[in-house]
Colleague: 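Below you will find the structure I want to go over with you.
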2 protein chains.
Amino acid sequence: MDVAHSGVLEVGIPVACRSCQARHGVVCGVLSSGQLKDLGRHSLRRKVDAGCEIIAQGSESSYYSNIMRGVVKLCKVMPDGRQQIVGLQFAPDFVGRPFVRESTLSAEAATDAEICVFPRNLLDRMISETPELQRSLHDQALKELDAAREWMLTLGRRTAEEKVASLLHLIATHAEPQTATSTAFDLPLSRAEIADFLGLTIETVSRQMTRLRKSGVIRIENFRHIIVPDMDELERMISA
Amino acid sequence: MDVAHSGVLEVGIPVACRSCQARHGVVCGVLSSGQLKDLGRHSLRRKVDAGCEIIAQGSESSYYSNIMRGVVKLCKVMPDGRQQIVGLQFAPDFVGRPFVRESTLSAEAATDAEICVFPRNLLDRMISETPELQRSLHDQALKELDAAREWMLTLGRRTAEEKVASLLHLIATHAEPQTATSTAFDLPLSRAEIADFLGLTIETVSRQMTRLRKSGVIRIENFRHIIVPDMDELERMISA
DNA sequence: CGCAAACTTTGATCTAGATCAAATCGCGAT
DNA sequence: ATCGCGATTTGATCTAGATCAAAGTTTGCG
């Protein structure tokens with residue numbers, strides 16, 4: 001896991017969690033260019049269940065979060081209910097205002113997750129104290145920009161089959177217990193969420209998944225667990 | 001025109017242009033938080049014709065450009081020729097590496113344009129001298145990230161009619177000689193380019209344009225010049 | 001354990017937009 | 001002017017993927 005930019009390390013001092021009395025958080029620190037900052041009691045670690053909204057669309061959140069574990073989806077929904085997932089974020093990405101200028105986006109835990117929450121002004125302070133942090137944030141923004149543009153190509157110009165293959169490849173690339181020959185992973189998204197990410201319907205996603213299964217490109221266990229015997233095969237479906 | 005972040009001002013010292021002997025450039029300066037830096041002979045202003053490639057896909061350009069006039073399109077093309085425009089940039093945006101991590105993107109002048117070109121290391125130097133510049137770059141990256149995500153919603157979930165309306169609205173918002181009631185502008189893109197931006201075919205774009213024309217939402221003169229009598233009408237087509 | 005609700009798959013049919021095929025338009029060059 | 005070519009529009013037809021409609025499956029809960 002790449003922790004080079006904008007990563008987070010636990011400092012390990014247990015502290016009472018304000019939001020959920022029953023659980024306990026730990027103080028976190030932000031790692032920037034090898035420098036570790038103690039955020040004191042201002043930051044706390046929090047478990048969130050799948051489906052939990054971290055940032056609401058249209059809101060002005062004054063908190064940032066840092067993903068420690070799990071997957072967060074960035075969502076846009078139209079007034080009539082049509083919905084598009086515009087990004088997936090994995091540990092150790094940041095979630096929050098430094099990557100969302102306009103507040104037309106919601107962030108929601110796709111899987112059970114742990115996030116490290118801290119107030120907006122704290123990040124501002126840290127940036128002024130550690131200028132390289134600004135650079136790190138810029139780097140993550142560029143990473144997300146690249147990903148968004150790559151996905152625009154997928155949404156605009158790829159077929160349903162290629163779209164599904166692209167998604168599997170994306171997930172495989174980020175959540176990768178892989179052996180020498182094959183790669184296995186759990187999908188962090190339901191079929192409905194996959195459809196909303198790919199600009200397709202649930203039924204089309206399902207049909208393409210069974211097509212991939214029948215043609216031997218993937219194996220599916222329990223709907224969620226995917227095994228890709230030959231990753232090159234999958235990649236060939238995407239580019240050509 | 002918003003020149004608040006990462007804007008460019010001409011300093012006005014004429015200098016011979018290296019790339020096209022016949023023309024002449026002017027030295028440019030980068031404006032950052034009110035501070036003006038003279039870039040000396042390292043930067044020069046250059047006219048580029050529509051269609052001219054500013055950054056080639058797959059290349060490692062060591063130059064940045066700043067758009068002074070005109071429109072630049074960011075393009076991705078697949079090995080089999082399918083193509084997707086993933087962004088449009090207007091003056092005074094930057095074009096180049098600080099907004100493109102991976103080199104899987106080409107930048108091309110959509111209209112005749114003037115750009116201000118300067119070498120990579122110059123920007124690096126300026127960033128280290130003026131730390132707020134890093135912040136400005138981050139701001140532009142976020143603006144582009146927002147735009148990309150908004151467009152993902154358009155590509156994934158809007159109908160052909162809504163897509164075309166979205167494009168017209170986008171252009172109108174950025175190139176706006178508007179009177180109190182109506183807005184008029186020239187499309188910086190051909191029908192084929194519009195299709196590549198919207199993930200449609202030329203024919204569908206054309207049909208939707210005539211639909212909009214027949215329903216009175218727009219008037220079209222000479223293929224390129226568009227008049228929108230009632231912008232609210234157009235906006236209503238996009239959101240609902 | 002058994003039932004209900006939510007998810008997923010599968011099948012039948014429909015349609016928005018693609019593809020194929022001509023016109024038409026506009027513009028620069030002869 | 002008029003010729004020729006690329007860009008655009010328009011028309012006819014086709015199809016990938018949507019929509020409508022049932023079945024399975026899985027999971028949680030009384």
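Predicted, not measured: the structure shown is a model, and the values here were computed from it. We name chains A, B, ... by the order of the sequence lines, and we start the count at 1 in each one.
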Colleague: Please confirm whether any donor atom in the side chain of B:Arg207 sits under 3.5 Å from an acceptor in the base of D:dG11, or the reverse.
Modeller: yes

Colleague: With respect to the phosphate group of D:dA18, does any side-chain polar atom (N or O) of A:Thr201 fall under 4.0 Å of OP1 or OP2?
Modeller: yes

Colleague: So, is B:Thr204 near the phosphate of C:dA18, with a side-chain N or O under 4.0 Å from OP1 or OP2?
Modeller: yes

Colleague: Tell whether A:Glu193 reaches the base of C:dC7 with its side chain through a donor-acceptor pair below 3.5 angstrom.
Modeller: no

Colleague: If you fit an axis to the five pairs at each end of the helix from C:dC1-D:dG30 to C:dT30-D:dA1, how big is the angle between those two axes, to 10 degrees?
Modeller: 30°

Colleague: Do any side-chain nitrogens or oxygens of A:Thr210 fall under 4.0 Å of OP1 or OP2 in C:dT10?
Modeller: yes

Colleague: Show every donor-acceptor pair shorter than 3.5 Å between a side-chain atom in residues 202-212 of chain A and any protein atom, with sequence neighbours excluded, or say none if there are none.
Modeller:
residue  : atom : partner  : partner atom : Å
A:Thr204 : OG1  : A:Thr201 : OG1          : 3.1
A:Gln208 : OE1  : A:Arg211 : NE           : 3.3
A:Thr210 : OG1  : A:Arg207 : O            : 2.9
A:Arg211 : NH2  : A:Glu161 : OE2          : 2.8

Colleague: Specify the closest pair of heavy atoms between A:Pro188 and A:Glu193, including all atoms of both residues, with the distance to one decimal.
Modeller: O-OE1, 4.1 Å

Colleague: Nearest-nucleotide wise, let me know which of A:Met209 and A:Arg157 is further upstream toward the 5' end of DNA chain C.
Modeller: A:Met209

Colleague: Establish whether the base of C:dT10 is bridged to the side chain of A:Arg211 by a donor-acceptor pair shorter than 3.5 Å.
Modeller: no

Colleague: A:Ser206 has a side chain; which of D:dG17, C:dT8, D:dT9 sits nearest to it?
Modeller: C:dT8

Colleague: Quick one, A:Ile54 and A:Glu108 - any side-chain contact, counting heavy atoms below 4.5 Å?
Modeller: no

Colleague: Hey, is the side chain of A:Arg191 poking within less than 4.0 Å of OP1 or OP2 on C:dT9, counting only N and O atoms?
Modeller: yes

Colleague: I need the A:Thr154 OG1 to B:Leu155 CG distance, nearest 0.5 Å.
Modeller: 10.5 Å

